[in-house]
Amino acid sequence: MGKEITSRNEDYSQWYNDLILKAGLADYSAVRGCMVIKPYGYALWENMRDVLDKMFKDTGHVNAYFPLFVPKSLFEAEEKNAEGFAKECAVVTHYRLKTDPNNKSKLIVDPEAKLEEELVVRPTSEAIIWNTYKGWIQSYRDLPILINQWANVVRWEMRTRLFLRTAEFLWQEGHTAHATKDEAIAETKQMLEVYADFAETWMAMPVIKGIKTANERFAGAEDTYCIEALMQDGKALQAGTSHFLGQNFAKAFDVTFVNKENKSESVWATSWGVSTRLIGALVMAHSDDDGLILPPKLAPIQVVIVPIYKGEESKALIDAKANELVKELKTRGVKVKYDDSDNARPGWKFAEYEMKGVPVRIAIGTRDLENNVVEIARRDTKEKSTISFDGLTDHITQLLEDIQTNIFQKAMQFREENITAVDTWEEFNKVLDEKGGFISAHWDGSPETEDKIKEFTKATIRCIPLNQVAEEGKCILTGNPSQGRVLFARAY
RNA sequence: CGGGAGGUAGUUCAGCUCGGUAGAAUACUUGGUUUGGGACCAAGGGGUCGCAGGUUCGAAUCCUGUCCUCCCGACCA
């Protein structure tokens, strides 16, 4: 009957796909690797976007928009960045189609409309932006530039997964220009804090803040800071990155400024981004075998009211009471939906809204009216309780906060239970295969060692935690000296 | 990009081996009875069988190509 979801135990990947599709977040499309974000999923993204946008503005940033296309010559200017993305770039070579002379109903690429210079569809916008900044910056008085853009980018991935890795995705990318190294580093760290705060306060998803190793660093960056989250299957997921770009892009695009001493210097840069991948993270962080579990602060619908009635007369009475409740909740800023549609019965609606992860469900029946109560069910624990109409809105707003706190704590507890410190290679492999999660272990700091560990185990160093404690130890693989533990995991 | 599986009604799938009128459940429409955890009865509508070629008197079925999806690998946010 109805929509069945594969259980997490049976097949975690399939569970994830089932949730995305059946909760109506997204759909597959006719384009390989590209998905359609459906209204419910897009509403979730809009909520995330709005909160982040405000956080960016509160830290002094403004929005702008740069072109989708990057001339190849600009793209290749910063060598490491270009090299890093080269393998996954979509390239526009022609600007016109024409009717196929051999088949009037078909179109072919007009060979005469070949572009002089190919256009790369942006996999990220550093190139076009730094080319633009060159013209905007002359003196230290033009700095800093603190710009963010909300955009789509294209990375031609071999293997795609809904929200987690698609050929085209939506994101924001901040690109800032600074007069000093310290200021740029401070900006990089500030935005990492913004991301961490967003993940934990709004998504209720605990994250670990850290720095990427050289192998995992953004192509063209001096340092990549990241927030790493743990999914329920024990795999890690990079949820956001903030890059200190040094003067690499300034030098590649010849962006200099005159300082107070009238001397010319290269500009210092940062970039930082989060994407629709966060929706995948959100789904995998909290949801269960019955469907999504969304944090109240981001849920498109926070409260759904379902009437249970016998006949038109009783429905009219319930309608009156429900509409009164809707009005009260709306004045309190609660996103509430009264579902009085008659094409589904209450039981069906219960299951449907559980699938969609609506945090609170209120059922109002004829018996409840007589007793001046409603039945309240919370999605996270599935507990039901009978609550009086008196003080109901207070109760609900408090409950939404409680749910937000509860799912965060639950995720936090799971993560803490799944960070395992190990000191031997045998233990490392055992924990990785049997338990998963983050493994805290010593590493000798060499990229070669990291590569070997990845080759042997498929685990990568997710980050060097910012709160790493100094500790003498021996590398898990080579036995070479190490000054502190790093976090390993298999990752999405 | 390699290996495996799949694409038939909105959805889940049967039919394909062995070519011959397009099927089921569910969803949908209408009417009625219902409504406290995925209702029931009756009637009805809905598919160029992913797409394009080919073989054949005849193709969902056989052959070739191609597109899309899933799983596993390599690559990556």
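Chain letters run A, B, ... following the sequence lines, proteins first and then strands; every chain starts at 1.
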Exercise for the section: Count the heavy atoms belonging to other residues, nucleotides or ligands that lie under 6.0 Å from CH2 of A/W150, then report whether that count exceeds 12. Expected result: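 Counting neighbours around CH2 of A/W150, more than 12 heavy atoms of other residues, nucleotides or ligands fall under 6.0 Å, so yes.
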What nucleic acid atoms does [X] come within less than 4.0 Å of, heavy atoms only: base, sugar-phosphate, or nothing?
X: A/L237; result: nothing
X: A/T276; result: nothing
X: A/F218; result: nothing
X: A/E455; result: nothing
X: A/K454; result: sugar-phosphate
X: A/E157; result: base

[N] and [M]: how far apart are their [atom1] atoms, nearest whole angstrom?
N: B/G15; M: B/C68; atom1: P; answer: 27 Å
N: B/G10; M: B/C51; atom1: P; answer: 13 Å
N: B/C1; M: B/U29; atom1: C1'; answer: 48 Å
N: B/C18; M: B/A24; atom1: P; answer: 27 Å
N: B/C16; M: B/G23; atom1: P; answer: 15 Å

Measure the distance from [atom1] on [X] to [atom2] on [N] and round it to the nearest whole Å.
X: A/I305; N: B/G36; atom1: CD1; atom2: C1'; value: 16 Å
X: A/E312; N: B/G32; atom1: CD; atom2: P; value: 11 Å
X: A/L317; N: B/U35; atom1: CG; atom2: P; value: 16 Å
X: A/K356; N: B/G38; atom1: NZ; atom2: C1'; value: 15 Å
X: A/W272; N: B/A77; atom1: CH2; atom2: P; value: 20 Å
X: A/E83; N: B/C76; atom1: CD; atom2: P; value: 12 Å
X: A/Y12; N: B/C71; atom1: OH; atom2: P; value: 13 Å
X: A/R490; N: B/A77; atom1: CZ; atom2: C1'; value: 20 Å

Problem - Listed nucleotide nearest any side-chain atom of A/K458, set B/A74, B/G37, B/C75 - result: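 Per side-chain heavy atoms of A/K458, the pick is B/A74.
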Problem - Which nucleotide in B/A77, B/G37, B/C76 has an atom nearest any side-chain atom of A/R155 - result: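 For A/R155, the side-chain atoms sit closest to B/A77.
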So for [X] and [N], does any side-chain atom that can act as donor or acceptor lie under 3.5 Å from a complementary atom in the base?
X: A/E352; N: B/G37; value: no
X: A/R159; N: B/G2; value: no
X: A/K310; N: B/G36; value: no

Dump the pairs, protein N or O against N or O of nucleotides 7-14 of chain B, anything under 3.5 Å, distances to one decimal.
none

Problem - side chain to side chain donor-acceptor pair (under 3.5 Å) pairs, two or more places apart, involving residues 227-239 of chain A - result: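 Non-adjacent pairs meeting side chain to side chain donor-acceptor pair (under 3.5 Å): A/R8-A/Q232, A/K212-A/E228, A/K212-A/Q238, A/E228-A/R462, A/D233-A/Y492.
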Do [X] and [Y] get their side chains close enough for a donor-acceptor pair, meaning under 3.5 Å?
X: A/Q190; Y: A/E187; answer: yes
X: A/S341; Y: A/N343; answer: yes
X: A/E78; Y: A/N248; answer: no

Practice task
Decide, yes or no, whether a salt bridge links A/R155 with A/E168 under the criterion of side-chain N to carboxylate O below 4.0 Å.
Solution key: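 Salt bridge between A/R155 and A/E168, a charged N being under 4.0 Å from a carboxylate O: no.
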Problem - A/K315/A/D319 salt bridge by N-O under 4.0 Å criterion - result: yes
Practice task
Return the orientation label for the A/Y133 and A/F66 ring planes: parallel under 30°, perpendicular over 60°, tilted otherwise.
Solution key: perpendicular
Exercise for the section: Establish, with yes or no, whether the OP1 or OP2 oxygen of B/A39 is under 4.0 angstrom from a side-chain nitrogen or oxygen of A/R345. Expected result: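 Yes, such a contact exists.
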Problem - Aromatic contact, A/F56 with A/W272 (centres under 6.0 Å) - result: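 For A/F56 and A/W272, the ring centres are under 6.0 Å apart.
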Problem - Counterpart base for B/C70, defined by Watson-Crick or G-U wobble contacts under 3.5 Å - result: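 Pairing partner, where one exists within any strand: B/G4.
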Exercise for the section: Identify the nucleotide, in any strand shown, that forms a Watson-Crick or G-U wobble pair with B/U64, with both distances under 3.5 Å; if there is none, say none. Expected result: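 WC or wobble partner is B/A52.
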Taking N or O atoms only and anything under 3.5 Å, show me the protein contacts with nucleotides 66-70 of chain B, one pair per line.
from	atom 1	to	atom 2	distance (Å)
B/C68	OP1	A/R32	N	3.4
B/U69	OP1	A/G33	N	2.8
B/C70	OP1	A/Y28	OH	3.1
B/C70	O3'	A/N17	ND2	3.2

Exercise for the section: Evaluate the salt bridge (charged side-chain N to carboxylate O under 4.0 Å, His left out) criterion for residues A/K189 and A/D223: first the C-alpha distance (whole Å), next the side-chain angles of each, then the deciding distance (0.1 Å), finally the verdict. Expected result: CA-CA 11 Å; A/K189 289 179 176 171; A/D223 268 317; over 6 Å; no
Exercise for the section: Under the ring pair (Phe, Tyr, Trp, His ring centres under 6.0 Å) rule, what do A/F163 and A/F169 come out as? Steps first, then yes or no, please. Expected result: CA-CA 8 Å; A/F163 288 113; A/F169 58 91; over 10 Å; no
